[in-house]
Engineer: 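Handing you this structure, nothing more for now.
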Amino acid sequence: MDAKTMVLDKYSARIYKNRKEHIIVMDGNGEIPTIAANARSAPGIITERGCCYAGCKGVVVGPIKDVLTITHGPIGCGFYSWGTRRNQAKASKEGEPVFVQYMFSTDMQEPDIVFGGEKKLRQAIKEAMEIFNPKAIMICSTCPVGLIGDDVQAVATETEKLYGITCIAFSCEGYKGVSQSAGHHIANNGLMKQVIGTKDTPIENPFTVNILGEYNIGGDGFEQIRILNKCGIDVRTSFTGDAAIDDLKAAHMANLNLVMCHRSINYIAEMMEVKYGIPWLKVNFIGLESTCNTLRDIGKFFGDQKLIDRIEAVIAEEMAEVAAEREHYRTRLTGKTAALYVGGSRAHHYQLLLNDFGVKTVLAGYEFAHRDDYEGRDVIPTIKEDADGKNIEHMTVEADPEKYHAYLTPEQLEAVKAEIPLSEYKGMMHGMEEGSLVVDDLNHYETEAFTRILKPDIFFTGVKDKYAIQKDGTMSRQLHSYDYSGPYAGFKGAMKFGHDVVMGLYTPCWGMVSPPWKNRATIEAHIGGGN
Amino acid sequence: MDAKTMVLDKYSARIYKNRKEHIIVMDGNGEIPTIAANARSAPGIITERGCCYAGCKGVVVGPIKDVLTITHGPIGCGFYSWGTRRNQAKASKEGEPVFVQYMFSTDMQEPDIVFGGEKKLRQAIKEAMEIFNPKAIMICSTCPVGLIGDDVQAVATETEKLYGITCIAFSCEGYKGVSQSAGHHIANNGLMKQVIGTKDTPIENPFTVNILGEYNIGGDGFEQIRILNKCGIDVRTSFTGDAAIDDLKAAHMANLNLVMCHRSINYIAEMMEVKYGIPWLKVNFIGLESTCNTLRDIGKFFGDQKLIDRIEAVIAEEMAEVAAEREHYRTRLTGKTAALYVGGSRAHHYQLLLNDFGVKTVLAGYEFAHRDDYEGRDVIPTIKEDADGKNIEHMTVEADPEKYHAYLTPEQLEAVKAEIPLSEYKGMMHGMEEGSLVVDDLNHYETEAFTRILKPDIFFTGVKDKYAIQKDGTMSRQLHSYDYSGPYAGFKGAMKFGHDVVMGLYTPCWGMVSPPWKNRATIEAHIGGGN
Amino acid sequence: MLDLTPKEHSERTALRINSCKTCQPVGALYCALGVHNCMPYSHGSQGCVAYHRTFLTRHFKEPAIASTSSFTEGACVFGGGANLKQGTKNVFDIYDPDIIAIHTTCLSETIGDDLNSFIMDLDIPEDKLVVHSNTPSYVGSHVDGYFNMMCGFIKYLSKNTGVKNGKTAILPSWSNPGDLREFKRLAALMNVPITMFPDQSGVMDSPMTDHYEIYPKGGTTIPEITGLGDCDSVIGLGEMTVTEPCEQLKKKCRVNYEVLPYPIGVENTDKFIMALSKMNGGNIPYAIEEERGQLIDLMLDSHIWFTGKTCAIYGDPDYVLGLTSLVLEMGMIPKYVLTGTPGAAFVNKTKALFDKYDVGEKCVSKESGDLFDLHQWVKQSPVDLLIGSSYGKQIARAEDIPFVRAGFPVLDRYGHPLSPITCYKGAIRLVEQISNALLDRIDRDVPDEQFDVIM
Amino acid sequence: MLDLTPKEHSERTALRINSCKTCQPVGALYCALGVHNCMPYSHGSQGCVAYHRTFLTRHFKEPAIASTSSFTEGACVFGGGANLKQGTKNVFDIYDPDIIAIHTTCLSETIGDDLNSFIMDLDIPEDKLVVHSNTPSYVGSHVDGYFNMMCGFIKYLSKNTGVKNGKTAILPSWSNPGDLREFKRLAALMNVPITMFPDQSGVMDSPMTDHYEIYPKGGTTIPEITGLGDCDSVIGLGEMTVTEPCEQLKKKCRVNYEVLPYPIGVENTDKFIMALSKMNGGNIPYAIEEERGQLIDLMLDSHIWFTGKTCAIYGDPDYVLGLTSLVLEMGMIPKYVLTGTPGAAFVNKTKALFDKYDVGEKCVSKESGDLFDLHQWVKQSPVDLLIGSSYGKQIARAEDIPFVRAGFPVLDRYGHPLSPITCYKGAIRLVEQISNALLDRIDRDVPDEQFDVIM
């Protein structure tokens with residue numbers, strides 16, 4: 001019995017039928033198989049997924065640093081999304097506010113549920129204005145809000161008028177969609193509609209980009225910007241790590257969008273291309289090779305020889321700096337196997353970084369991805385929408401007659417497209433080896449089962465499953481929070497990652513798990529390696 | 001049976017005979033009884049006393065801040081006298097050395113005992129010079145040094161020649177004398193012979209004094225200097241708290257010596273009067289009334305009306321500042337009783353401070369005092385020297401033909417003597433109430449017994465007996481180290497003391513000592529009072 | 001850090017800033033983890049349970065399992081009955097617990113799902129059980145969720161068979177495993193046979209074994225919960241939390257109860273020991289007296305560092321009450337005492353404590369407060385020490401205050417759930433931690449000449 | 001702080017600066033405090049015992065009783081025989097112990113007092129005992145004094161009657177009461193009947209009772225010490241300290257022994273448990289396995305903060321060896337390891353540990369060193385953490401290094417002697433303390449944007 005069969009064996013017929021479509025064994029014949037994704041998790045299954053609110057507030061809106069974001073709902077959701085994503089944010093300049101250290105909630109009580117919560121929301125905004133006088137307020141709704149019919153959009157409009165500030169309401173109730181993904185979509189729509197393009201701060205450097213889908217967890221975004229700046233490339237803003245609202249408003253002035261997390265942000269990338277003429281490039285700053293490729297692609301896009309030379313110089317310098325250290329880790333990691341189960345893009349990106357160190361990925365999966373994230377964007381037209389997705393607004397935009405601008409002529413663009421993956425993403429499955437598994441919405445049972453069957457050396461996942469995997473004798477590291485380490489992006493980040501993985505595999509206490517009065521367990525004693 | 005009889009009752013005849021002379025019940029008839037003091041403790045008795053080394057190095061020499069003091073002997077003595085006396089010392093100015101944080105020892109080993117330790121001492125001095133290049137080195141000998149015949153004086157002379165620095169050796173072996181007192185004497189002799197008078201830095205203010213017997217524990221000396229300076233009086237140096245060697249050398253230029261700890265330093269006071277013409281005044285900065293009296297006495301000595309007015313202004317200002325707080329503590333402390341068993345002068349000084357708060361002293365004793373400390377200096381001629389004291393050098397000095405100077409004419413001096421206690425000390429017993437006990441060399445058994453019989457509310461003593469007293473249900477505070485509090489000197493210090501005593505008596509857990517499943521013990525539950 | 005917080009307090013009636021509570025369901029989930037072979041189950045959107053598991057995992061550094069009805073928009077419209085049916089079936093099929101403990105969420109409560117009738121309709125496998133409690137997120141706090149779930153278990157399971165089982169039931173307020181083990185250790189020392197419910201020890205502090213068990217060895221067993229109805233009597237530990245389940249048990253099974261303060265500090269622990277001693281004829285072994293005496297000894301020795309020092313304590317009501325009692329016993333002044341959980345009883349009880357120690361004028365107490373309140377108070381007049389959950393670390397940093405972590409959640413440190421802060425041993429631990437925090441600060445701040453190596 | 005310490009190391013052969021050891025007699029005194037109804041007695045000048053009592057009292061915050069021969073100059077000339085005679089008589093008269101344990105000092109050793117013959121000449125009351133050991137201050141350190149006094153007791157008292165008593169003797173290296181209680185707890189859990197000698201628990205951690213007892217409840221009894229000769233076997237805990245008394249007991253009473261590393265850390269504790277399991281037929285209860293598993297779990301969870309971090313460890317040899325072993329198990333690098341106590345075995349054993357973990361090139365070990373050495377090393381190349389006695393706090397302040405107190409003496413904190421740092425529980429405590437120290441430093445130093453509330 002292969003791993004997939006063994007794991008599915010436990011399920012009832014109904015669940016079996018559902019889950020078998022989400023678990024793919026790569027056959028290595030070069031064809032990309034079809035996977036079921038972005039489908040609801042069956043009730044009762046211990047899924048690791050979060051909700052629409054978590055995607056909207058937790059992922060996309062939360063990191064915007066100088067905006068006061070109020071969670072409208074009972075206290076829990078605001079509380080849980082307070083300070084738990086490690087989105088680093090520094091004040092843009094002295095005296096500029098940073099709200100990410102705070103949590104704001106309307107803390108709805110029973111009467112608010114019964115009689116409606118708009119009044120309390122309005123009062124909360126009034127209090128927020130009095131105390132903090134923010135330049136923008138965002139409102140994120142939790143489950144009951146939609147059900148009781150609070151018109152948060154109306155409150156937002158009213159707020160803009162009353163206080164003369166930007167105010168955006170997101171109807172990102174937790175039950176919408178099937179995962180965080182719905183929340184990304186809603187957040188993206190909101191930003192597209194009410195933020196991007198509302199301020200025309202000109203760029204100072206033609207080589208100015210936005211980084212889309214980079215939330216600056218553990219300072220990844222800082223490291224990317226450091227490298228780009230060193231190459232001579234300016235970053236207008238990230239979406240949305242360390243982002244300032246005014247920069248987001250003026251994001252449409254950039255000449256290229258770099259897309260890190262395809263899943264959470266490709267909506268905006270697409271719409272900005274249509275509306276403002278900004279092409280987007282799927283990039284990956286995770287991994288040495290990936291970072292080099294990304295930088296070179298950007299160089300090719302801008303086509304400026306000086307820039308290209310500078311990029312090559314930066315690559316040479318940074319690669320030389322890490323060469324010895326990389327070798328150190330590669331020696332210790334080559335031949336190891338990994339499983340990856342993370343959000344929307346990391347299960348792909350980190351395979352490439354692991355490759356840098358000789359680690360093979362035996363299982364990879366996404367928590368909230370769509371088929372295109374697995375199979376590539378070519379399948380988008382063939383994706384059938386189900387009931388759960390229908391209520392999420394699909395925006396369509398058209399070219400903005402005033403603000404549309406193109407760095408390249410259509411001819412140039414076509415030429416460049418032949419060389420670099422502009423507006424293109426081939427998906428995670430592309431390049432995965434024969435026999436490796438792809439699992440969508442990997443659940444608690446499957447995690448346990450696959451860990452025991454595949455016996456990966458390392459399982460990268462989130463905090464909810466980490467300790468179960470570890471208790472089973474397999475090293476596990478959180479790839480959402482980086483186990484409080486990071487940055488992992490770029491050249492130096494790759495080394496940090498290598499360091500952390502080696503540390504996890506070689507920490508001496510693995511060799512002490514079995515007491516001497518028991519038979520030695522399967523785990524080998526690893527001693528030493530304190531690097 | 002009275003307390004004394006009850007306590008003595010347990011002793012064998014031999015010990016009874018010895019101890020009964022050390023325990024005095026004050027009869028209140030105004031006559032000062034005779035007490036046995038400065039006599040050896042019987043072997044086997046758990047005395048709280050220390051040794052000659054402790055008195056010389058630990059008390060007098062150790063606090064001199066810019067001198068490198070080497071303990072010559074096995075490691076223990078140097079180790080135990082490292083950082084344990086809370087003699088505060090600040091660098092006189094930036095870059096000046098402070099050695100009190102360090103300990104230096106020759107750490108004698110068996111071969112050094114067998115073959116002599118001079119060689120190692122010489123080498124240790126060489127190493128000290130190479131590493132620290134101090135302006136002075138002091139050598140303190142421990143027990144074996146004298147026995148094996150190391151000539152530390154010769155090494156000191158040699159060192160002075162070789163390195164051109166001041167070097168003084170103290171033959172303060174632990175077995176000399178009967179307590180720390182022998183060590184004070186030896187230290188005083190050394191300072192008198194080799195330090196005081198060796199540098200003629202003139203004074204800038206005629207109202208310049210030395211404070212003798214002030215070791216700056218918990219910053220007491222700092223507070224005294226603050227007050228004196230505020231009055232317009234300069235302090236040349238303290239002996240030896242926070243003292244710099246160059247100031248000690250020039251101490252003979254001052255016009256008045258203030259004696260705080262009569263026991264440990266009166267040798268120097270006497271000799272400086274004879275040799276340099278500087279009168280000495282017994283002072284006491286412990287207690288509000290005492291501090292006022294002390295300041296007024298100093299004013300009378302100098303006889304300058306401006307100074308006298310300034311002193312009165314300072315007293316008025318400082319007393320006003322503490323008035324309310326004093327009342328707060330007095331309300332909480334009036335009627336309480338105290339026992340005091342401390343070194344050489346505190347058992348006297350602190351009675352006066354306790355008086356300020358309405359606390360009556362029911363027992364007071366000294367660890368290493370002589371009869372004059374109890375009975376007053378009048379008895380000095382009648383004190384018979386025993387074998388234990390004979391080997392401690394008694395220096396005699398005469399007037400220095402060049403350096404003798406007198407602030408007052410002989411006639412003025414006589415007049416002032418009628419008003420203030422110049423060269424005079426009446427002793428602790430003077431003024432003690434009828435029925436109160438005076439106990440010399442109070443030992444472990446007697447502490448326990450008197451505590452149970454007298455049931456004082458507070459027992460001030462040292463760390464060795466503190467916890468035994470406390471375990472018996474009586475509040476105990478360390479009056480050597482101030483329980484890591486202080487300063488207790490002066491006006492503000494008196495308040496700190498009041499605070500600390502109230503805190504000890506009223507800490508709520510006294511009320512919780514007996515578990516509810518036992519009968520409530522005799523200790524009353526004190527609740528509240530967190531001031 | 002928290003640079004935007006103004007010193008001036010302004011009245012807020014709607015905006016919650018930096019909450020000092022969270023919602024009921026996580027409490028229900030934690031309670032259910034204290035039952036052996038039990039699958040906690042959240043009837044609502046799957047995001048809730050994702051958050052709750054994350055939160056508990058971060059505190060304990062242990063897996064926290066729980067399942068969910070995974071509501072979608074459709075379920076909101078048509079009701080969650082179908083989800084519950086399918087969900088519980090799947091749980092029994094895949095995860096095979098002995099019991100499923102369902103709690104509701106703001107979502108299922110808002111749409112009005114009737115759990116009683118849903119559960120009646122379930123096709124529950126033989127020998128398996130399903131219980132539930134209603135835990136709307138918009139009422140009370142996680143503390144309410146915890147005791148509501150206790151009530152749920154009792155309501156469904158506990159029985160008075162008419163034959164006493166000779167046991168004392170201990171119903172503890174929300175506790176760390178280290179504390180739960182301490183309660184059991186003391187009862188064992190006293191020779192009092194007990195059933196403790198719930199009991200997360202052995203579950204949320206389980207050892208590394210190389211083999212993950214979804215249901216670890218620990219937890220109150222179902223027969224034990226059933227047997228609560230036959231217990232001789234009940235000791236509730238935590239006045240603000242477990243009065244309701246005690247009352248529930250009394251109503252249902254006529255078992256008398258005594259609810260005690262949560263046993264942090266000397267007097268609160270004394271009460272627990274005295275209550276146990278009623279069950280064993282008044283025998284208190286020397287070992288317990290010795291521990292107590294060691295604690296008193298330590299408090300006396302170290303009181304010089306505590307007297308008159310002010311502190312701010314925040315967190316869940318029973319923790320805060322216990323900690324307040326302890327710091328008062330130590331001679332400190334609990335200048336600010338705050339819980340996010342609503343309930344006037346909290347304020348009354350803290351005020352009674354303030355009065356007992358005659359510090360009423362120096363102290364403020366607040367229920368339904370938040371850490372923004374606390375921070376503003378501290379800005380207005382500082383304290384010497386902060387005691388509470390991890391979120392206070394922001395205030396500690398912003399205002400440079402020594403900080404001792406205690407209560408829920410402590411997300412940013414390791415090992416703390418393994419050791420007690422309750423009873424005499426726990427108080428020894430707290431006194432040591434508090435004195436270390438204060439002394440470390442002194443050592444940091446004093447000039448060189450006042451830097452002591454002895455204390 | 002310590003501003004005069006230069007970075008450049010210069011060889012010293014004579015000048016000891018900032019010692020990391022003290023003299024034998026205090027060790028002998030501490031050993032004797034671990035015997036019930038025993039009066040420690042210092043044959044020398046009275047200043048010695050004043051220092052020793054002060055030192056021990058400051059560490060334990062407990063009275064430390066001991067008597068003295070109170071030598072004067074005359075005694076030095078004529079020998080201390082008369083003082084001893086009078087002194088022991090007075091002790092029996094006034095303090096009424098069952099036994100007096102005499103140790104010598106540099107003074108009585110230098111003048112050559114022959115304690116054996118002095119004691120022969122004593123007029124000892126019936127049923128009372130006097131034992132002695134030679135503890136010259138100019139040989140070894142306080143650690144030698146501790147085990148020499150153990151040897152003294154054994155030499156005088158232990159007997160092989162020919163009838164085994166079914167007990168295992170545990171001879172621990174210098175330990176805090178909290179650790180001694182831990183050894184006894186584990187032996188009890190293993191159902192192994194033991195005699196532990198010495199045993200300062202119940203003596204140096206005695207409770208506050210309102211009634212001071214000069215001889216508290218604790219301590220090894222005289223019959224137990226006598227019975228050491230009839231024990232089935234001996235487990236020595238602390239290779240650097242108790243080998244000699246074990247050997248002594250073997251020589252005198254033919255009891256076999258096994259000397260183990262002092263049980264700090266996982267492997268060292270494993271060895272202790274395995275040794276105990278030889279006595280009970282190999283039964284290791286789940287409770288012990290659970291504690292061990294909790295420790296491993298904690299170490300795995302928190303390893304991310306330890307790996308590759310450097311530390312300096314100093315103190316007494318067995319403590320330092322144990323702590324070195326633990327930090328290596330945690331993945332740290334014990335960059336500097338130092339004891340003041342002389343003995344090449346220390347260096348060999350630390351080097352063996354370094355080699356086992358393949359960090360030999362990164363680590364330095366020194367015996368007969370002092371804290372001035374350590375400070376200079378740290379100045380030359382810093383460490384992330386300092387572990388040791390209170391005196392290291394000066395270095396911690398001077399060089400701004402996180403500091404965890406462990407070993408002897410800890411003079412400036414409260415409560416530490418009550419809780420173990422040994423065995424699995426103690427390692428949990430140490431890992432928690434070390435992680436707190438490192439994380440507190442991170443929290444202090446990171447910029448606001450990196451300040452995490454989760455970890």
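All chains are named by letter (A, B, ...) in the order of the sequence lines, taking the proteins before the strands, and each is independently numbered beginning at 1. Reckoned from all heavy atoms, side chains included, excluding hydrogens, waters and symmetry mates.
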Engineer: Looking at CG of C:Asp301 and NZ of D:Lys61, how far apart are the two atoms once the value is rounded to the nearest 0.5 Å?
Structural biologist: 8.0 Å

Engineer: Examine whether an atom of D:Lys425 lies under 4.5 Å from a heavy atom of chain C, and if so say whether it belongs to the side chain, the backbone or both; otherwise answer neither.
Structural biologist: neither

Engineer: When D:Tyr414 is tested against each of C:Val431, C:Leu439, C:Ile428 for side-chain contact (heavy atoms from CB on, under 4.5 Å), which residue passes?
Structural biologist: C:Leu439

Engineer: Shorter than 4.5 Å, heavy atoms on both sides: which option in C:Leu300, C:Asp400, C:Asn436 has the most such pairs with chain D?
Structural biologist: C:Asn436

Engineer: I need the residue from D:Glu432, D:Arg58, D:Arg429 with the largest number of non-hydrogen atom pairs under 4.5 Å to chain C.
Structural biologist: D:Glu432

Engineer: Only pairs of heavy atoms separated by less than 4.5 Å count here; which of D:Asp443, D:Leu418, D:Val410 has the most with chain C?
Structural biologist: D:Asp443

Engineer: In terms of heavy-atom proximity below 4.5 Å to chain C, should D:Tyr286 be classed as side chain, backbone, both, or neither?
Structural biologist: side chain

Engineer: Measure distances from C:Arg444 to the heavy atoms of chain D and classify the residue's part below 4.5 Å as side chain, backbone, both or neither.
Structural biologist: backbone

Engineer: Given that the side chain runs from C-beta out, which part of C:Ser389 has a heavy atom under 4.5 Å from chain D: side chain, backbone, both or neither?
Structural biologist: neither

Engineer: Taking all heavy atoms of C:Gly202 and all of D:Glu290, pick out the closest pair and write down the distance.
Structural biologist: CA-OE2, 4.2 Å

Engineer: Closer than 4.0 angstrom, basic N to acidic O: yes or no for D:Arg413 and C:Asp440?
Structural biologist: yes

Engineer: Which heavy atom in C:Asp205 sits nearest to a heavy atom in D:Gln294, and how many Å separate them?
Structural biologist: O-NE2, 2.8 Å

Engineer: Could you check which of D:Glu62, D:Arg181, D:His59, D:Met299 has the highest count of heavy-atom pairs closer than 4.5 Å to chain C?
Structural biologist: D:Arg181

Engineer: Report which part of C:His416 has an atom under 4.5 Å of a heavy atom belonging to chain D: side chain, backbone, both, or neither.
Structural biologist: both

Engineer: Quick one: of C:Arg405, C:Lys217, C:Arg292, who has the most non-hydrogen atom pairs under 4.5 Å with chain D?
Structural biologist: C:Lys217

Engineer: Examine whether an atom of C:Gln394 lies under 4.5 Å from a heavy atom of chain D, and if so say whether it belongs to the side chain, the backbone or both; otherwise answer neither.
Structural biologist: both

Engineer: Count the heavy-atom pairs under 4.5 Å between each of D:Leu295, D:Asp297, D:Leu2 and chain C, then report the option with the highest count.
Structural biologist: D:Asp297

Engineer: With a 4.5 Å limit on heavy-atom distance, are the side chains of C:Val446 and D:Arg397 in contact?
Structural biologist: yes

Engineer: Write out, in numerical order, the residues from residues 447-455 of chain D with a heavy atom short of 4.5 Å from a heavy atom in chain C.
Structural biologist: D:Pro447, D:Asp448, D:Phe451, D:Asp452, D:Val453, D:Ile454, D:Met455

Engineer: I'd like to know which of D:Ser435, D:Ser390, D:Ser302 tops the heavy-atom pair count under 4.5 Å against chain C.
Structural biologist: D:Ser302

